[in-house]
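Start at 1 with the first residue, then count along the sequence.
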Amino acid sequence: MSGNYKGTQSLGDANSEFAAQNAAIRRIINMMGPNLPAKVLSVSGTGLNPVGYVTVQPLVHQIDGRGHPTPRGIIHNVPYVRIQGGSRAIICDPQEGDIGYIIVSGRDISTVKAARGEAAPGSFRTHDCADAVYVGGLLNAAPEEYIGWIDGDVHVKTAGKFIVDAKEMQVNCAITASGDVTAGSISLQNHTHPGVQAGSSSTGAPQG
């Protein structure tokens, strides 16, 4: 075959124009903050407060040209995600030691965090880990307290009290309690009926 192939080089040639462009593109991509698993180091703004922030340590190390790993820097003031719609929310805030995932925003979100609303970007930085958002619940151990479906049943387990603050409660099923039930100051197991003569007879059935 004949022809003029001047300036045409193999894609595998390390000195080719393609290789140079490819290296430049890879370098730019590698400068972008990556979405990574991260460990929670501290938490602020938990409980009945506006959604708060976490300090996180990304878990995937950086690798230099010789293959040596280096831990990534700690990221502060990272907003975390809470399941919320309007004034209704499910509160299960992150805790120290949790593992979750950071999602790096494409633009600077510092002014949005400060305003908790619309705002211009705080700078011209893009794809920076300083603009990460934390989503929790990844690679964690089995829970000791929980609310959820287990083998078809809904289980609630807590080390504290189960407190319901509502205007009214309606339960459309039978209720079984292994402990005592108290209504006001009256115990279901230990209450007495005044005005009943002592003896072996039982009281009548409950009134409708």
Side-chain angles (χ1 to χ4, degrees), residues 29-30 32-64 67-106 109-110 112-113 116 127-183 187-189:
I29 292 175
N30 288 336
M32 297 171 59
N35 303 323
L36 293 171
K39 182 178 181 179
V40 175
L41 302 182
S42 65
V43 189
S44 64
T46 60
L48 294 177
N49 290 295
V51 182
Y53 300 88
V54 291
T55 297
V56 298
Q57 170 69 67
L59 296 180
V60 180
H61 295 336
Q62 300 178 94
I63 303 293
D64 64 19
H68 299 148
T70 303
R72 294 179 183 271
I74 293 173
I75 309 174
H76 301 274
N77 203 35
V78 179
Y80 63 83
V81 174
R82 175 186 285 171
I83 299 175
Q84 184 164 347
S87 60
R88 299 181 177 93
I90 297 175
I91 300 176
C92 186
D93 296 318
Q95 294 187 6
E96 291 183 21
D98 283 357
I99 296 175
Y101 206 76
I102 55 169
I103 301 173
V104 178
S105 304
I109 63 170
S110 59
V112 172
K113 291 192 292 185
R116 291 184 180 262
H127 303 284
D128 194 292
C129 285
D131 302 307
V133 175
Y134 175 82
V135 181
L138 177 72
L139 301 176
N140 294 305
E144 297 179 5
E145 299 182 67
Y146 45 82
I147 298 175
W149 277 265
I150 302 175
D151 297 330
D153 297 324
V154 176
H155 288 247
V156 178
K157 183 176 181 180
T158 177
K161 293 181 179 179
F162 184 74
I163 299 173
V164 178
D165 291 318
K167 180 180 179 180
E168 187 176 348
M169 176 180 287
Q170 179 176 324
V171 180
N172 300 319
C173 63
I175 298 177
T176 301
S178 60
D180 195 7
V181 177
T182 301
S187 164
L188 183 62
Q189 292 182 338

> Are side-chain N/O atoms of Gln62 and Asp64 paired as donor and acceptor at under 3.5 Å?
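Asp64 and Gln62 do not have a side-chain donor-acceptor pair below 3.5 Å.
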> Does Ile83 have more than 12 heavy atoms from other residues, nucleotides or ligands lying within 6.0 Å of its CD1?
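12 or below, so no.
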> How far apart are the closest heavy atoms of Pro58 and Gly73, and which atoms are they?
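Nearest pair, atom of Pro58 first, then Gly73: CD-O, 3.3 Å.
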> Rounded at 0.5 Å granularity, tell me how far NE2 in His76 sits from OG in Ser44.
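Interatomic distance, His76 NE2 to Ser44 OG, rounded to 0.5 Å: 12.0 Å.
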> Would you give the length of the straight line joining atom CD of Gln57 to atom NZ of Lys39, rounded to the nearest 0.5 angstrom?
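The distance works out to 9.0 Å.
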> Can you name the closest pair of heavy atoms from Val40 and Pro94 and give their distance?
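Shortest heavy-atom separation between Val40 and Pro94 comes out as CG2-CB, 4.4 Å.
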> Provide the closest heavy-atom pair for Leu138 versus Gly100 in the form atom of the first, atom of the second, distance.
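Heavy atoms of Leu138 and Gly100 come nearest at CD2-O, 3.5 Å.
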> Please report the interatomic distance CD1(Ile74) to CZ(Arg72), rounded to the nearest 0.5 Å.
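Taking CD1 in Ile74 and CZ in Arg72, the distance rounds to 14.0 Å.
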> Is there a side-chain contact between Tyr134 and Asp98 (heavy atoms, below 4.5 Å)?
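Touching, per the 4.5 Å side-chain cut-off.
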> Return the minimal non-hydrogen interatomic distance between Asp153 and His155, and the atom names on each side.
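Taking every non-hydrogen atom into account, O-CD2, 3.5 Å.
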> Could you check whether atom CZ of Arg116 has more than 12 heavy atoms from other residues, nucleotides or ligands sitting under 6.0 Å from it?
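Atom CZ in Arg116 is crowded, with more than 12 foreign heavy atoms closer than 6.0 Å.
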> Nearest 0.5 angstrom please: His61 NE2 to Ile63 CD1, how far?
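So the NE2 of His61 and the CD1 of Ile63 are separated by 8.0 Å.
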> For Gln95, is the CD atom crowded, meaning more than 12 foreign heavy atoms sit under 6.0 Å from it?
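Counting other residues, nucleotides and ligands, CD of Gln95 stays at 12 neighbours or fewer.
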> For the side chain of Asp180 and the backbone of Gln189, is there at least one donor-acceptor N/O pair under 3.5 Å apart?
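Yes; at least one donor-acceptor contact below 3.5 Å.
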> Taking all non-hydrogen atoms of both residues into account, name the closest pair between Lys113 and Pro79 and its distance.
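Reported closest heavy-atom pair: CD-CG, 3.3 Å.
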> Counting only heavy atoms from other residues, nucleotides and ligands, does the tally under 6.0 Å from CD of Glu145 exceed 12?
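Yes.
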> Output yes when a side-chain donor or acceptor of Ser105 lies under 3.5 Å from a complementary backbone atom of Asp131, and no otherwise.
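Pair found, side chain donor or acceptor close to backbone of Asp131.
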> When you compare the side chain of Tyr80 with that of Val43, does any pair of heavy atoms fall below 4.5 Å?
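Yes. Closest side-chain heavy atoms under 4.5 Å.
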> Please determine whether side-chain contact (heavy atoms from CB on, under 4.5 Å) holds for the pair Ile91 and Leu48, giving the CA-CA distance in whole Å, both sets of side-chain angles, and the decisive distance to 0.1 Å.
CA-CA 8 Å; Ile91 300 176; Leu48 294 177; 3.7 Å; yes
> Indicate yes or no: at least one non-hydrogen side-chain atom of Pro34 is less than 4.5 angstrom from one of Cys129.
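Touching, per the 4.5 Å side-chain cut-off.
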> Counting only N and O atoms by type, is there a donor-acceptor contact under 3.5 Å from the side chain of Asn49 to the main-chain atoms of Thr46?
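Answer holds: yes.
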> Mind checking whether Trp149 and Val154 have side chains closer than 4.5 Å, heavy atoms only?
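Trp149 reaches Val154 side chain to side chain.
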> Show your reasoning for whether side-chain contact (heavy atoms from CB on, under 4.5 Å) applies to Ile109 and Val133.
CA-CA 10 Å; Ile109 63 170; Val133 175; 4.2 Å; yes
> What pair of heavy atoms forms the shortest contact from Gly47 to Asp93, and how long is it?
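Taking Gly47 first and Asp93 second, the nearest heavy atoms are N-OD2, 2.7 Å.
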> Can you spot which of Leu41, Val104, Asp128, Val56 makes a side-chain contact (heavy atoms from CB on, under 4.5 Å) with Ile75?
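Among Leu41, Val104, Asp128, Val56, the one that satisfies the side-chain contact (heavy atoms from CB on, under 4.5 Å) with Ile75 is Val56.
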